[in-house]
Participant: 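Supplied in structure tokens, the structure appears directly below.
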Amino acid sequence: YHGPLLVAGGGRDEVWPSAEMATAIARTRRAAGLPTELLVFPEAGHAIATDGWAPAMSQVRTVAEGAALARARQRTWEATLALFARALR
């Protein structure tokens, strides 16, 4: 894919190493000169890619973890909308 891409990952992802995977994707794309935005949230877990409205507490064990996930979801959704706005002008 040669168009702009947003990749995001959580540092506390227990499903797969999403932060490392997102970083590797961004590094490879940037080396190829492809437009890529990387978001890494060290305190967030797996479920960060939503529309910003889905409940988070069913997927977390502590209030701090829930707050980190909520912040990551909000920032990822804002970045997604901004990417669409730039790419679809």
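Numbering starts at 1 and runs along the sequence shown. The figures that follow rest on heavy atoms only: side chains count, while hydrogens, waters and symmetry mates do not.
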Participant: Any heavy-atom pair between the side chains of Trp16 and Met21 that's under 4.5 Å?
Facilitator: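 In contact.
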Participant: Atom CD1 in Ile48, atom OG1 in Thr76: separation rounded to 0.5 Å?
Facilitator: 4.5 Å
Participant: Considering non-hydrogen atoms only, spot the tightest contact between Ala26 and Leu38 and give its length.
Facilitator: CB-CB, 3.9 Å
Participant: Under 4.5 Å between side-chain heavy atoms, counting indirect links through other Ile/Leu/Val/Met/Phe/Trp/Tyr residues: same cluster for Leu88 and Leu83 or not?
Facilitator: no
Participant: For Ala87 and Pro4, which heavy atoms make the closest approach, and how far apart are they?
Facilitator: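 Closest approach of Ala87 to Pro4: CB-CG, 3.8 Å.
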Participant: Rounded at 0.5 Å granularity, tell me how far CG in Leu6 sits from CZ in Phe84.
Facilitator: 8.5 Å
Participant: Can you pull the side chain to side chain donor-acceptor pair (under 3.5 Å) pairs that have at least one residue in residues 25-34, sequence neighbours excluded?
Facilitator: Arg29-Thr36
Participant: What closest approach, in Å, do Leu69 and Ala47 show between heavy atoms, and which atom pair accounts for it?
Facilitator: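 Taking every non-hydrogen atom into account, CD1-O, 3.3 Å.
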Participant: Are Trp77 and Val7 connected, step by step, through hydrophobic side chains (Ile, Leu, Val, Met, Phe, Trp, Tyr) whose heavy atoms are closer than 4.5 Å?
Facilitator: no
Participant: Hey, could you give me each pair passing salt bridge (charged side-chain N to carboxylate O under 4.0 Å, His left out) that has a residue in residues 32-44? Not counting sequence neighbours.
Facilitator: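 Counting only pairs at least two positions apart or across chains, the salt bridge (charged side-chain N to carboxylate O under 4.0 Å, His left out) contacts touching residues 32-44 are Arg12-Glu43, Glu37-Arg75, Glu37-Arg86.
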Participant: Can you measure from CD (Glu20) to OG1 (Thr23) and round to the nearest 0.5 angstrom?
Facilitator: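 Reported value, rounded in 0.5 Å steps: 7.0 Å.
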Participant: Could you report the tightest heavy-atom contact between Ala44 and Ala68, atom names first, then the distance?
Facilitator: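 Result for this residue pair: CB-O, 4.1 Å.
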Participant: For the residue pair Ser18 and Gly9, what are the closest heavy atoms and their distance?
Facilitator: OG-CA, 3.5 Å
